[in-house]
Each structure stands twice: as structure tokens, then as C-alpha cells.
Participant: 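Structure incoming, see below.
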Amino acid sequence: MSEPVQTTSGSWWRTWLLLRVAELRQREGQIFLVLALVIGALTGLAVVAFIMLTERLGMRLYPVGGAPWRRLLFPVAGSLSIGYLLYRYFPNARGSGVPQTKAALFAREGRITLRTVLGKFFCTSATLASGIPLGREGPSVQVGAGIASVLGRRLGLRSEQVKNLIPVGAAAAIAAAFNTPLAAVVFSLEEIMGDLHAPVMGAVVLASATAWMVLRVFLGDHPLFKVPQYQLVHPAEFAVYAVLGVAGGLVSVAFTKLLLGMRARFLRFPQNTLWFQPVAGGLLVGLMGWFVPQVMGVGYGFVGDALNGRMAFNLMLLLVVLKLFAVTTSYASGNAGGIFGPSLFIGAMLGGSVGTLAHHLLPTYTATPGAYALVGMGAVFAGIVRAPMTSVLMIFEMTQDYAVIVPLMIANLVSLFIASRLQEEPIYEALAVQDGIHLPTAETRQRYGQRQLAAVMHNTEESLPAEITVREAVEKVRASDVRTWLVTDQRGVVGVINRARLEREVEEDADKKLDELMDAMVFPHVHPDQGLDLALERMGANQIEILPVVNRADVHKLEGVVTLRDVLDAYGVSRA
């Protein structure tokens with residue numbers, strides 16, 4: 001007789017839970033702020049655990065006075081083991097975390113899985129503890145956004161509400177990772193959302209403050225860096241800060257181009273080498289660390305030395321170069337970690353070098369090198385990440401000194417101007433494109449709701465396999481009235497080709513494979529949320545009559561096609 005009672009009790013609880021979930025769905029707006037508090041608290045706890053785990057594990061691997069062989073062995077072993085785990089179990093936990101967070105927001109309906117959150121947390125902790133010189137802030141962003149995504153989906157919120165929670169979790173993560181709640185709010189709106197006037201600002205502020213309070217409860221009221229009081233010695237210093245901005249912009253461009261170029265090379269290697277590729281970064285770090293230990297790890301302790309004028313000019317200049325190659329190789333080869341921390345490190349060393357030189361040449365007109373190291377952090381961060389407002393607020397919150405604001409703004413503005421002129425595409429967007437993810441621009445988001453391709457696209461069954469020869473392709477297209485064809489392989493769509501080009505190519509080399517004519521990462525395409533006018537423009541520019549409509553999260557995933565006739569019909573242009 002006991003079994004029926006248990007079954008009835010279980011059914012009652014399930015019914016009660018279903019009713020509560022249904023009520024929550026009807027009151028999404030009311031619970032959003034409460035959920036922001038919960039996300040802020042959980043993210044703050046996760047970041048605190050992240051910091052403690054990384055530091056304690058690092059102390060065990062690299063005890064004070066440890067043998068030099070540790071600096072070679074552990075980066076190699078760490079990158080090899082974590083590379084396998086990322087390849088085998090956590091493929092979405094590679095890299096920084098910021099591009100993946102933006103992809104979840106704009107291309108994956110706010111979906112970040114619990115597996116990815118756990119993988120990002122543990123793999124990045126082990127990677128950083130082993131001495132790989134990447135940052136913890138970017139991974140923290142993905143962990144915080146993942147916590148928000150998992151909670152929202154488990155509560156049965158609509159996908160639009162789940163997407164709104166992504167910047168909430170991201171802000172909480174930055175607030176706890178940097179101990180800068182105000183900068184966290186601006187970063188989340190400026191970089192993640194791309195809109196400083198986003199309607200989720202209230203929830204973002206609440207989550208940021210909550211995570212910041214959790215950090216202070218568990219780790220105390222300690223700033224990330226202890227810096228001396230800043231003082232402007234002479235107005236002529238502004239010219240030196242402008243020079244520092246130029247240097248910061250050039251270093252930012254070198255960092256971005258080097259990272260993207262190296263990563264493009266690694267991505268060309270066969271897929272089955274993916275698990276082994278991170279060793280390239282680990283080996284380079286180990287070799288550098290054998291001779292210059294300051295290269296290893298995030299290096300915030302050495303940043304503190306530069307800010308307080310306790311580091312030699314030659315060493316700072318050397319670290320700018322070594323860290324540049326160590327970080328870009330580690331990231332490009334596939335290790336888990338971000339570029340926030342490294343950009344601050346490189347900026348501090350660059351600023352300290354410029355400041356030391358300026359103070360040596362103009363001792364009565366310039367401040368101590370530590371002031372320039374502080375401004376250099378902001379200049380390089382602004383040039384690499386392209387978040388100038390976040391940079392200014394972050395440095396201000398670290399120093400709590402208004403006097404540093406004007407020099408910082410001058411250097412940031414000059415650095416941002418040079419970086420955007422010499423490298424137009426921001427680093428996070430470029431990294432996403434390399435992964436086949438095309439994030440919407442601010443213009444696309446503003447035009448949401450206008451004439452979109454999703455309303456006119458349709459399916460197609462006609463395509464050319466990429467492995468056939470030009471001769472075989474010509475024979476197939478001649479038997480059809482279609483003049484433009486999609487080219488596909490096992491990944492999906494990889495290009496578009498028209499009959500005129502095939503006719504030209506068959507005269508040059510009829511035995512050439514179609515995939516030799518295609519650039520699988522750069523081909524004419526559109527996305528469902530883009531406008532009809534853009535499709536018309538791209539058809540004209542490429543002399544084609546059909547465009548593949550592809551997924552933002554995977555450029556090879558075909559959602560449908562749109563033809564010239566479809567666009568004209570949508571505009572009400574009748575057939576001639």
C-alpha cells in the first residue's frame with residue numbers, strides 16, 4: 001500500500017513545481033531583478049573560487065625557491081593535458097570567453113551550456129596555474145554569462161529574456177574579477193551589448209554591485225593594484241602622455257595582428273591535431289620562463305612593481321616583447337584564457353619604459369615612471385579591446401584618483417585612434433569570424449524589425465559538391481537554367497559560383513577541383529536578420545543571382561537561400 005502513496009506524493013510535488021514555473025513565466029518582468037541578485041551572488045562566488053583555486057594551485061606548482069625545471073615542465077604538461085580535455089570534452093571552452101559570450105547573445109539564443117561553464121572554470125584554472133600567461137577575466141565573463149543562461153533556461157524563461165541575462169552575468173564577472181563594479185557595468189553595455197542605453201541597465205548594475213560585495217566579503221577590501229598617489233608635475237607631461245598613446249596604439253596593433261595571423265595558421269592544421277596544438281604555446285612559455293620567470297602567469301605582482309617604480313627599464317622593455325609573443329602564441333594555439341590581464345601587463349611595462357625614459361631626459365618636468373605605467377595600462381587595453389570608456393573607469397576605480405583621468409583620456413584617445421586606423425576590425429569580432437561566427441553590427445541591430453531576409457528566404461536542393469572538377473561542374477550547370485550555384489562540402493556551404501566564372505575556369509584548368517576556387521571563410525552570404533537592400537547590394541557586387549542565408553553561429557550552416565527575384569518581389573517590382 002506504500003507505493004501508491006509515494007507515487008501520489010511525487011505527482012503532487014511535480015504538479016506544484018509546474019504551477020510555480022507557470023506563474024514565473026507570467027511574471028518574468030517582476031522576477032528579473034531578483035534573478036539579477038542571484039546571478040550576481042553566484043557569479044561572485046564562482047570568481048572568488050576561480051581566484052583562490054588558481055593562486056593556490058599555482059603556489060603548489062611553483063613554490064618559492066622552486067627548481068628552474070618546473071618553469072619548463074609545467075607549462076608544457078599543463079597545455080598538453082588541458083588541450084586534450086578541451087578537444088575531447090569541452091570544445092566551447094577554448095579561448096577568451098568574450099567572443100563566445102557575444103556569440104551566445106547574438107547568434108545562439110542566449111544558450112551557454114552547464115558543461116561549457118564547468119569546462120571553462122576548471123580548464124582555465126589549470127591552464128593559468130601552470131604558468132600560461134593568459135588572463136582570468138575573459139573566462140570569468142563566459143562563466144558568469146553561462147550561470148545566467150543556465151538559470152534562465154532552467155526557470156523556463158523565454159529566449160529573449162535569457163539573452164537579456166547574458167550581460168547581467170558578464171557584468172557580475174568583471175566586477176568580481178577586477179574589483180571595479182562601475183567599469184563592469186560600462187564594459188557589459190559597451191562591449192557585450194554594444195549599447196550604453198540598453199534597457200537591462202538596472203539589472204546589470206544590481207548584479208555588478210552584488211558580485212562586488214561577495215568579493216569583498218570573502219577576499220576583503222583590497223584593490224587589484226596598490227599604486228602611489230598620482231600628481232601632474234608639469235603641463236608639458238601631456239605631450240609625453242600623447243607619445244605614450246602612440247606607442248600604446250602601435251603595440252595594440254602589433255598584438256592584434258600577430259594573434260590573428262598566428263591563430264589563422266593554427267586553424268589551417270588538420271582537425272585531429274587540435275588537442276596537441278596548445279603545446280606550442282606551453283613550450284614557448286616554458287623556454288622563455290626558464291630564463292625570464294616574469295614572463296609566466298598573469299603577472300599582476302610584477303605589474304604592481306612597475307606601478308610603484310620598482311622595476312628596471314631594461315627588464316620592462318624586454319617583458320613587452322617577450323610577453324607579446326608568449327601571450328599571442330598561447331592564445332592562438334588554443335589554450336583557455338583571456339587577453340584582459342595580458343593587455344594590462346603589456347601596457348604597464350610599456351608605460352613604465354616610456355616613463356623611465358621621459359623621466360631620465362626631463363626629470364623636472366615629468367612624474368615618476370609608475371604614473372606612466374598606470375596610464376600605459378589603459379592605453380594598451382583601449383587599443384586592443386576597443387573599450388575606451390571601460391578603460392578610463394577601470395583605472396580610475398583602481399586608483400580612486402581623479403588626477404589621472406585627463407592623462408588617461410589623452411593616451412586612450414590617441415591609442416584608440418591609431419589602433420582603429422591600422423586594424424579596422426576589433427579583435428573580438430575578428431576572432432569570432434575566424435571561428436565562423438558573424439556577429440551583427442550595431443547598424444544591423446538598430447534595423448531589427450525592418451525588411452529582413454528571414455521573411456523571403458526559402459530552401460534549395462541545388463548545389464555543387466566542392467570535390468568535383470570544374471569540367472564536371474560545367475556539364476551539370478549547362479543542363480540547368482540556373483546561372484548561380486552554391487558550393488558545398490561536409491561542413492556545409494563554402495562558396496557561391498556563377499556560370500560565367502565556370503566557363504572561364506574550364507578553359508584554364510578543367511581538372512581543378514571546385515574547392516580550390518573557394519575561400520571557405522570569405523564568400524558572399526547574408527544572415528536571416530539582415531535587410532533586403534544588403535542582399536541586393538551583395539548580389540550586384542559579386543554578379544550573382546542567389547545568395548546563401550547562413551547562421552550567425554556557423555557561417556557554413558545553410559538556413560536557406562534568397563534570389564534576385566525574391567528581393568524584387570518583396571519590393572513589389574513586377575516581372576518584365
Side-chain angles (χ1 to χ4, degrees), residues 47-59 61-62 64 71 75 96-97 124-125 127-141 173-180 183-184 187 212 215-216 218-228 255 285 288-289 292-311 315-316 318-320 322-324 326-327 330-331 335 337-353 369-381 384-385 390-391 394-400:
V47 173
V48 167
F50 196 13
I51 294 171
M52 295 178 65
L53 179 62
T54 303
E55 291 182 351
R56 292 185 179 182
L57 185 56
M59 290 174 63
L61 295 179
Y62 299 102
V64 178
R71 298 198 295 269
S96 163
T124 304
S125 297
T127 298
L128 303 188
S130 66
I132 301 298
L134 298 176
R136 64 182 178 229
E137 294 80 16
S140 298
V141 168
I174 291 295
F178 274 125
N179 193 10
T180 54
F187 175 81
W212 176 72
L215 175 74
R216 293 205 163 197
F218 285 92
L219 297 184
D221 182 13
H222 304 295
L224 188 59
F225 304 110
K226 293 182 179 179
V227 298
F255 180 94
V285 170
M288 288 182 175
V292 187
Q294 294 89 339
V295 170
M296 303 184 67
V298 180
Y300 282 159
F302 301 115
V303 171
D305 291 340
L307 293 174
N308 289 276
R310 297 193 297 265
M311 190 168 284
L315 180 57
M316 288 190 291
L318 178 64
L319 286 175
V320 171
L322 294 184
K323 200 80 167 183
L324 190 69
V327 171
S330 298
Y331 189 100
N335 286 282
I339 59 177
F340 268 45
S343 67
L344 294 177
F345 183 100
I346 294 172
M349 298 304 150
L350 178 67
S353 302
Y372 292 88
L374 184 65
V375 175
M377 290 170 61
V380 174
F381 182 90
I384 292 175
V385 180
T390 300
S391 174
M394 185 182 298
I395 303 300
F396 167 69
E397 284 189 280
M398 288 177 182
T399 62
Q400 297 181 356

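Positions are given from 1 along the sequence.
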Participant: For Gly338, is there any backbone N or O sitting under 3.5 Å from a side-chain donor or acceptor partner on Ser96?
Facilitator: no

Participant: Looking at Asn308 and Gly304, would you say the former's side chain and the latter's main chain have a donor-acceptor pair under 3.5 Å?
Facilitator: yes

Participant: Is there a side-chain contact (heavy atoms from CB on, under 4.5 Å) between Leu57 and Ser125 once you walk through the steps?
Facilitator: CA-CA 8 Å; Leu57 185 56; Ser125 297; 5.7 Å; no

Participant: List the atom pairs, with distances to 0.1 Å, where a side-chain N or O of residues 339-347 and a protein N or O form a donor-acceptor pair under 3.5 Å, not counting sequence neighbours.
Facilitator:
from	atom 1	to	atom 2	distance (Å)
Ser343	OG	Ile339	O	3.2
Ser343	OG	Phe340	O	2.6

Participant: Quick one: CD1 on Ile132 to CG on Asn335, what's the gap to the nearest 0.5 Å?
Facilitator: 5.0 Å

Participant: As a quick check of understanding, evaluate side-chain contact (heavy atoms from CB on, under 4.5 Å) for Val385 and Phe187, giving each step before the final call.
Facilitator: CA-CA 10 Å; Val385 180; Phe187 175 81; 4.2 Å; yes

Participant: Taking all heavy atoms of Ala173 and all of Ser140, pick out the closest pair and write down the distance.
Facilitator: CB-O, 3.0 Å

Participant: For Val295, what residues pass the side-chain contact (heavy atoms from CB on, under 4.5 Å) criterion, not counting sequence neighbours?
Facilitator: Met288, Val292, Leu319, Leu322, Ala326

Participant: So which atom in Gly131 and which in Val285 form the shortest heavy-atom distance, rounded to 0.1 Å?
Facilitator: O-CG1, 3.6 Å

Participant: Can you check whether Asn179 reaches Arg216 side chain to side chain, under 4.5 Å on heavy atoms?
Facilitator: yes

Participant: Within a 6.0 Å radius of atom CZ on Phe218, are there more than 12 heavy atoms belonging to other residues, nucleotides or ligands?
Facilitator: no

Participant: What pairs with Pro139 under side-chain contact (heavy atoms from CB on, under 4.5 Å), at least two apart in sequence or on another chain?
Facilitator: Phe50, Lys120, Thr124

Participant: Tell me the closest heavy-atom pair linking Gly378 and Ser391, and the distance in Å.
Facilitator: O-OG, 2.9 Å

Participant: Keeping the roles fixed (side chain from Asp305, backbone from Met311), state whether a donor-acceptor pair exists under 3.5 Å.
Facilitator: no

Participant: Heavy atoms only: give me the nearest Leu307-Met377 pair and the separation to one decimal.
Facilitator: CD2-SD, 3.8 Å

Participant: Measuring only between side-chain heavy atoms, which start at C-beta, is Arg136 closer than 4.5 Å to Val298?
Facilitator: no

Participant: Do you know the tightest heavy-atom contact between Leu134 and Leu128?
Facilitator: O-CD2, 3.3 Å

Participant: Below 4.5 Å, heavy atoms only, C-beta onward: do Met296 and Pro133 meet side chain to side chain?
Facilitator: no

Participant: Might you confirm whether atom CZ of Arg56 has over 12 heavy atoms from other residues, nucleotides or ligands at distances under 6.0 Å?
Facilitator: no

Participant: Rounded to the nearest 0.5 Å, how far apart are CD1 of Ile384 and CZ of Phe255?
Facilitator: 4.5 Å

Participant: Quick one: closest heavy-atom pair of Glu397 and Ala183, and the distance?
Facilitator: OE1-N, 2.7 Å

Participant: Evaluate side-chain contact (heavy atoms from CB on, under 4.5 Å) for Lys323 paired with Gln294, printing each intermediate quantity in order.
Facilitator: CA-CA 9 Å; Lys323 200 80 167 183; Gln294 294 89 339; over 6 Å; no

Participant: Is any side-chain heavy atom of Val48 closer than 4.5 Å to one of Met52?
Facilitator: yes

